[in-house]
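Notes to accompany the following structure.
Values below: every heavy atom of this structure, side chains too, minus hydrogens, waters and symmetry copies. Count residues from 1 along the sequence.
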Amino acid sequence: MSKTTASAPPAQADPSRWKALVFIALAQLMVVLDATIVNIALPSAQQDLGISDGNRQWVITAYALAFGGLLLFGGRVADLWGRKRTFVVGLIGFAAASALGGAATGEATMLGARALQGAFGALLAPAALSLLAVMFTDAKERAKAFGIYGAIAGGGGAVGLILGGFLTEYLNWRWTFFVNIPFAVVAALGAYFVIREPAGGRNRSPLDVPGVVLSTLGLVSLVYGFTRAESDGWSDPVTIGLFVGAAVLLGAFVFTESRVKSPLLPLRVVTDRNRGGVYLSLGLAVIAMFGLFLFLTYYLQVVKGYSPVKTGFAFLPMIAGMITGSTQIGTRLMTRVPPRFLMGPGFLTAALGMLLLTQLEIGSSYAGLILPAQLLLGLGMGTAFMPAMSLATHGVDPRDAGVASAMVNTSQQVGGAIGTALLNTIAASATTAYLVDHAAGATTPAAQKLVQLQAMVEGYSAAIWWAVGILAASAAIALTLINTGKPGTGAVAASGSGAGADDEVKIPVIAH
């Protein structure tokens, strides 16, 4: 360790950092839960609030658009205001928006509450991740902290399915919103009294307003384009217009960022080989994950006849696998092997689990096929997510930690939107093709129902084959692009702007 950083540990090694991790993890769990918990409650909420079939998707889409569109802005605000302040404001705002959603009496209130949740989530998520990046600088401690965070980031969505099923079945759909309030209040109070953000990490440069406008509009256009493609088709003129608009806006954003003095997203953050590899491989992997959640939920409920609660519990093996992969395999090996040798094999293990699911049939055994497939998926994703989270801020100047963290969330959010739309479209096409070929032979109601179920399963299998290929591509990207050594083996980045307390973030230790 160089003398530059020798004095850093006392300032960074805050005795309350592990307590702070509890509150950061709690906030992250709340944000990740919210991406799936409302899905199970949606049919009940739609009926109570009189939301039309055409508008029900907006309950999900309003959150995704605000969250995905404002993430880069949220990351920059964290660097400007301070991560602790942004974190607490995000939590309070998220709790207020959740209360509004739970108390909604009509469609407009519900959609507004969901958009507000997304906006405050976009403040909260990058602030949480960048707090971890600057508070945990020792390689072994960092591995443990990011192992816990990675397990939550990966498995929280499945936990949301379980909790959403419980709340909807035994209480009321409104509790899928109200449940966020105690999470947020506890995390905000804990953060306020426990977290001490290291000094010297603020980026007080003036806000890049053109960058904010272009990135927000570009990301919203991209996410909405994929959402609309799912419902209206890829050849729909509005869908095509949204994609063209997204390309133009994001192209203008990149051009602007290369010219302005204080960019919203310094291009050095994304052009670094290792970070670029993380953003790309993680975004692709999330495409496969979101598709899987969607198809398995429908398969278990529609084909197998599971209740919402039973469906949620059916995802437990995946959660167990993720926690094991992240906190045991990833954490133990992260300080011993280069990150690419965790991420590459991790994504390949997940691809193997996905490959098993291509064998789905109407009568497939849960214990014989779905359970082992989920375990492999969870183990692989947990092992890969953990170093990916840590590498997200690898070598980043402390003043850019917020926006670098936001890029991870952005790649996941865009990946989720693409995954849901792309894989759903593939599944729908395969289902339609099967029905066209086999519907004529089904002459009785029982035979017709059987053909419909078989067509659904054929559609899921076709889409899951694509997910296998996508995970294999993630593994290839991780193995070829990411070339940093194991933590502690590389030299500390040269001191300069921002050198000091946060320089240890620049050791090749992953940080998401």
Side-chain angles (χ1 to χ4, degrees), residues 19-35 37-38 62-102 112-135 149 152-153 156-157 160 177-198 201-203 207 212 215-216 219-220 264-265 389 392-393 400-410 412-413 512:
K19 290 180 188 174
L21 175 62
V22 173
F23 300 115
I24 292 169
L26 187 64
Q28 173 66 11
L29 178 62
M30 181 185 73
V31 172
V32 176
L33 279 177
D34 218 69
I37 194 171
V38 176
Y63 179 85
L65 291 182
F67 189 70
L70 293 170
L71 269 167
L72 284 177
F73 177 58
R76 179 66 180 85
V77 168
D79 289 333
L80 183 65
W81 277 5
R83 296 164 193 99
K84 174 179 173 177
R85 183 185 300 174
T86 306
F87 184 70
V88 172
V89 169
L91 281 165
I92 294 168
F94 201 93
S98 298
L100 184 65
R114 288 292 283 165
L116 280 173
Q117 278 186 315
F120 283 107
L123 279 181
L124 185 56
L129 181 54
S130 55
L131 274 171
L132 279 193
V134 298
M135 290 180 78
Y149 187 91
I152 290 170
F177 286 89
F178 291 145
V179 74
N180 289 327
I181 298 171
F183 275 99
V185 169
V186 171
L189 287 172
Y192 183 79
F193 290 110
V194 171
I195 292 176
R196 288 209 303 262
E197 186 180 348
R202 296 255 190 115
N203 184 345
L207 191 61
V212 170
S215 67
T216 302
L219 288 170
V220 165
L264 173 70
L265 175 63
M389 294 303 177
T393 53
D400 295 331
V403 76
S405 302
M407 272 303 301
V408 182
N409 291 288
T410 302
Q412 288 178 298
Q413 193 64 27
H512 163 270

- Query: Taking side chain as C-beta onward, heavy atoms only, is R83 less than 4.5 Å from I195?
  - Reply: no

- Message: So, taking the atom named CD1 in I92 and the one named CZ in F120, what distance separates them when rounded to the nearest 0.5 Å?
- Response: 9.5 Å

- Query: At what distance, to the nearest 0.5 angstrom, does CG of L26 lie from CZ of F23?
  - Reply: 8.0 Å

- Note on the structure: Of all heavy-atom pairs linking V194 and A20, the shortest is CG1-N, 3.6 Å

- Message: What I'd like to find out is whether the side chain of F67 reaches to under 4.5 Å of the side chain of R114, using heavy atoms alone.
- Response: no

- Task: Of all the heavy-atom pairs spanning S98 and N180, show the shortest one and how long it is.
- Result: OG-ND2, 3.1 Å

- Item | Closest approach of G74 to P126 (non-hydrogen atoms, all atoms of both residues) | C-CG, 3.9 Å

- Item | Heavy-atom closest pair, residues A66 and A122 | O-CB, 4.3 Å

- Minimum-distance pair of heavy atoms, taken over all atoms of L72 and S215: CD1-CB, 4.1 Å

- Message: Show the nearest heavy-atom pair for residues F94 and G121, with the distance to one decimal.
- Response: CD1-N, 3.9 Å

- Message: Within this structure, what is the CZ-OG1 distance for the pair R76 and T86, rounded to the nearest 0.5 Å?
- Response: 10.5 Å

- side-chain contact (heavy atoms from CB on, under 4.5 Å) partner of L123, the single match among V77, L70, L71: V77

- Query: Nearest 0.5 Å, what's the CD1-CD distance between I24 and Q28?
  - Reply: 10.0 Å

- Rounded to the nearest 0.5 angstrom, the CZ-CG distance for R85 and L80 is 9.5 Å

